[in-house]
Student: 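Structure below; questions to follow.
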Amino acid sequence: MCDRKAPITATPTRCLRCCPAPCCEPCISYCIFDLESAVFDTRHIYQRACRELLASYNKTLPEAVLMRCGPMETPEMAELICRKCELPVVWEQFLVQLNEHTCELIANPPLMEGVERLVCHLHSNCIGLALITASKRSMFCKKIRGHEEFFKLFNHVLCADEYNQPKPQPDCYLLAMELFCDKPPAECCLAFDGTTKGVQAARDAHLQVVMLPDPELPCCWSELATQRLETLNDFDPEDFGMPYLEPLPEPSPPPSPRGSAADKTLTRSSQEEEVGGSTQEEDAPAADAPADDAE
């Protein structure tokens, strides 16, 4: 078996689809990213939308209710929140309000930390890249405004109006694999998703999946994932037989407050000693002054 962890100083450009690694295990040569949970960082937007909408009714979202909402579809979540928080509106109306407020917040979401660095690395090493989204094509084009050059790195995009069954059904991942020139075997594909339903869909499509969940999501809800990561900066392509990616440099430690205070005290003491020494020299009588003649 080849040693995937052998030290490499540079990333050679090679096509894994044409020149697979000489290893007895299949390596990953295709990656599929979920737009809403693995490319755009929208993990806290739905929580924020719920909290802000409930605040307009002078209500708060209990943590116990929030945790139950995790694996639910949006209509089911809206019905639960309406019932538990005793809102003065029917859940269908609350659902409309929630969707409208979420769209306002999600209009220009930030990229997931580390995704641009990783996607550029995979693209430069001939890894096939596909993107799936729960948005229709028209909404997708609005979402990516300002990031058009980055999204050109993806070979294929599969939108919600191009597949039938949403997650947790595996349709979106199965169809995304078919978009590549030669439909690859599932063991050569890797999914990146941040939701429990997305992980379920990827696993039902027989894919390995890297999960990027909300940090507060209980570990038991990510048991199906091959890996669970907080950000894509923590992802190591060599774990899946892909080309080496130079790790980010370790951040320099912040200066110690205690050390800074000690340095200031030491500097102040040195300055005081210098001032004190100068004063003593001015006050001391000259050593070679002649003594007064005795009468």
Side-chain angles (χ1 to χ4, degrees), residues 11 28 30-49 52 70 99 101-160 167 172-173 176 179 189-199 201-202 207-217 222 225-237 239-240 242-251:
T11 302
I28 297 299
Y30 300 88
C31 291
I32 305 172
F33 288 78
D34 177 69
L35 176 69
E36 285 78 18
S37 64
V39 177
F40 283 138
D41 192 353
T42 61
R43 292 177 292 185
H44 303 291
I45 287 181
Y46 292 99
Q47 290 185 24
R48 178 183 166 190
E52 291 181 359
N99 286 335
H101 191 44
T102 301
C103 287
E104 294 173 1
L105 296 177
I106 209 171
N108 189 24
L111 291 175
M112 183 77 72
E113 184 180 355
V115 68
E116 193 166 6
R117 167 177 169 265
L118 176 60
V119 168
C120 289
H121 169 73
L122 298 177
H123 178 266
S124 65
N125 284 276
C126 294
I127 301 295
L129 298 172
L131 190 69
I132 60 172
T133 173
S135 302
K136 294 184 177 181
R137 179 71 58 174
S138 57
M139 180 59 68
F140 166 75
C141 294
K142 293 179 181 179
K143 280 186 176 182
I144 67 170
R145 284 177 184 169
H147 302 288
E148 288 87 352
E149 290 302 314
F150 168 69
F151 283 98
K152 287 180 182 178
L153 299 176
F154 289 89
N155 305 109
H156 306 284
V157 177
L158 183 69
C159 295
K167 301 173 186 176
C172 55
Y173 281 111
L179 293 176
C189 298
L190 178 64
F192 292 84
D193 207 299
T195 65
T196 53
K197 291 188 177 182
V199 171
L207 301 177
Q208 298 183 78
V209 55
V210 174
M211 189 178 189
L212 299 150
D214 187 307
E216 298 178 0
L217 186 77
S222 58
T226 312
Q227 282 187 358
R228 172 177 171 150
L229 303 176
E230 188 168 335
T231 75
L232 286 171
N233 282 334
D234 302 325
F235 179 71
D236 184 359
D239 289 344
F240 297 91
M242 292 186 285
Y244 172 82
L245 175 61
E246 188 74 32
L248 292 172
E250 291 290 334

Student: If you look at every heavy atom in Ser222 and Arg228, which pair is closest and at what distance?
Tutor: OG-NH1, 3.0 Å

Student: Would you call Phe235 and Met242 a side-chain contact if the rule is heavy atoms closer than 4.5 Å?
Tutor: yes

Student: Could you list all the salt bridge (Lys or Arg N to Asp or Glu O under 4.0 Å) pairs where at least one residue sits in residues 109-127, not counting sequence neighbours?
Tutor: none

Student: I need the minimum non-hydrogen distance between Cys172 and Leu158, along with the two atoms involved.
Tutor: O-CD2, 3.2 Å

Student: Of all the heavy-atom pairs spanning His101 and Glu52, show the shortest one and how long it is.
Tutor: NE2-OE1, 2.7 Å

Student: My understanding is that only residues two or more places apart in sequence, or in another chain, count here; which of them pass ring pair (Phe, Tyr, Trp, His ring centres under 6.0 Å) with Phe140?
Tutor: none

Student: From Leu153 CG over to His121 NE2, what is the distance, rounded to the nearest 0.5 angstrom?
Tutor: 13.0 Å

Student: Taking all atoms of both residues into account, what is the closest heavy-atom pair of Ala202 and Val209, and its distance?
Tutor: CB-CB, 3.9 Å

Student: Could you measure the distance from the CG atom of Leu129 to the SG atom of Cys31? Nearest 0.5 Å is fine.
Tutor: 6.5 Å

Student: Give me each pair satisfying salt bridge (Lys or Arg N to Asp or Glu O under 4.0 Å) with a member in residues 128-141, each pair once, sequence neighbours excluded.
Tutor: Arg137-Glu162

Student: Would you indicate whether the side-chain heavy atoms of Ser37 and Leu212 approach each other to under 4.5 Å?
Tutor: no

Student: Can you tell if the side chain of Tyr173 reaches within under 4.5 Å of the side chain of Asp34, non-hydrogen atoms only?
Tutor: yes

Student: Rounded to the nearest 0.5 Å, what's the gap from CD on Glu246 to CG on Leu248? Could you check?
Tutor: 9.5 Å

Student: Once you round to the nearest 0.5 Å, how far does CG of Asp239 lie from OG1 of Thr226?
Tutor: 11.0 Å

Student: Quick check for you: to the nearest 0.5 Å, what is the distance between Leu229 atom CG and Asp236 atom CG?
Tutor: 10.0 Å

Student: Flag the pair Phe192 / Leu232 as yes when at least one side-chain heavy-atom distance between them is below 4.5 Å, and no otherwise.
Tutor: yes

Student: Please enumerate all residues that pass side chain to side chain contact (heavy atoms under 4.5 Å, CB included) together with Ser135, with sequence neighbours excluded.
Tutor: Glu36, Thr133, Met139, Lys143

Student: Suppose we screen for ring pair (Phe, Tyr, Trp, His ring centres under 6.0 Å). Which residues come up paired with His156, at least two apart in sequence or across chains?
Tutor: Phe180

Student: Should Leu118 and Phe33 count as side-chain neighbours, where that means a heavy-atom distance under 4.5 Å?
Tutor: yes

Student: Which atom names give the shortest non-hydrogen contact between His147 and Pro109, and what distance separates them?
Tutor: NE2-O, 4.3 Å

Student: Which heavy atom in Leu207 sits nearest to a heavy atom in Ala191, and how many Å separate them?
Tutor: CD1-CB, 4.2 Å

Student: Is any side-chain heavy atom of Phe40 closer than 4.5 Å to a side-chain heavy atom of Leu111?
Tutor: yes

Student: Under the side chain to side chain donor-acceptor pair (under 3.5 Å) test, which residues partner Glu148, sequence neighbours left out?
Tutor: none

Student: State the CG-CD1 distance between Asn155 and Ile127, to the nearest 0.5 angstrom.
Tutor: 10.5 Å

